[in-house]
Amino acid sequence: MSIIGVFLLWFGYTLFFRNTHIRLGRRRRRKSRRVASGVPGAPRTCPVCSAILARGERVKSTAYPSMGGVDRLMYISGCAYCLEGDRVRSCPVCGAILKAGDILVARMYDKPGRSHVHVIGCSQCKKVGKK
Ligand SMILES: [Zn+2]
Ligand SMILES: [Zn+2]
């Protein structure tokens, strides 16, 4: 499997939830200093830490070539806030806290003018992305 490009996205995406329980960090010890938390799945919201991203702030991700279908595999690392360690990175599907190097697994659907990303799990619950 070859990587055709590491690129950044900030288009809207849709989360695929296996269960409805979502950890929103309600009892966070310290309020976020720089960014507010958005609803997971909202446009321009980091899928890893739910930070609301301003224009120009992007999510680091890696997309793989399509296997002949309409979607392609994508690994999502996170945004500037959670990659720097300012925010907790967690999987929206299984709720696991992601360690350094862990990624979210998603499927990206290319559509004219607007692409959609469905998060289907992380490297812990999908058992991928580990080296
Ligand atoms: Zn983030
Ligand atoms: Zn997971």
Side-chain angles (χ1 to χ4, degrees):
M1 193 184 294
S2 63
I3 301 174
I4 58 165
V6 177
F7 68 98
L8 305 163
L9 79 145
W10 68 289
F11 44 75
Y13 65 92
T14 311
L15 294 177
F16 179 83
F17 292 109
R18 186 176 296 157
N19 50 52
T20 53
H21 175 75
I22 306 166
R23 205 178 293 192
L24 285 175
R26 191 159 50 93
R27 293 184 63 84
R28 211 179 309 241
R29 190 183 299 161
R30 191 193 302 173
K31 275 192 179 171
S32 176
R33 300 183 299 269
R34 292 193 286 172
V35 283
S37 289
V39 179
R44 267 187 272 159
T45 301
C46 176
V48 186
C49 72
S50 300
I52 296 176
L53 304 178
R55 186 175 288 271
E57 294 179 330
R58 289 153 196 250
V59 176
K60 189 183 176 205
S61 58
T62 305
Y64 294 89
S66 171
M67 298 300 188
V70 294
D71 62 326
R72 56 166 92 193
L73 184 65
M74 179 183 249
Y75 288 170
I76 300 172
S77 306
C79 68
Y81 300 108
C82 50
L83 287 175
E84 285 175 5
D86 283 359
R87 296 173 64 85
V88 174
R89 300 166 68 235
S90 64
C91 173
V93 179
C94 73
I97 303 300
L98 302 188
K99 299 186 282 278
D102 282 349
I103 44 84
L104 290 185
V105 184
R107 294 200 168 277
M108 185 172 76
Y109 296 85
D110 291 317
K111 291 176 188 169
R114 183 179 177 85
S115 295
H116 254 81
V117 175
H118 292 242
V119 177
I120 56 176
C122 65
S123 52
Q124 293 182 33
C125 59
K126 298 303 284 186
K127 304 265 191 287
V128 295
K130 295 230 167 146
K131 285 170 183 161

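Ligands are counted one by one from 1 in listed order, and the atoms in each one are counted from 1 as well.
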With the Zn ion (ligand 2) at the centre, find the angle made by SG from C122 and SG from C94, to 10°. 110°
If you stand at the Zn ion (ligand 2) and look out to SG of C91 and SG of C125, what angle do those two lines make, to 10°? 120°
Tell me whether I52 is reachable from L104 by hopping between hydrophobic residues (I, L, V, M, F, W, Y) whose side-chain heavy atoms are closer than 4.5 Å. no
Once rounded to the nearest 0.5 Å, what's the spacing between atom CE of M108 and atom CZ of R72? 4.0 Å
Of the non-hydrogen atoms in R87 and C49, which two are nearest, and what is the gap between them? NH2-O, 2.9 Å
Rounding to 10°, state the angle centred on the Zn ion (ligand 1) that links SG in C82 with SG in C79. 110°
For residues V105 and Y75, determine if any side-chain heavy atom of one lies less than 4.5 Å from a side-chain heavy atom of the other. yes
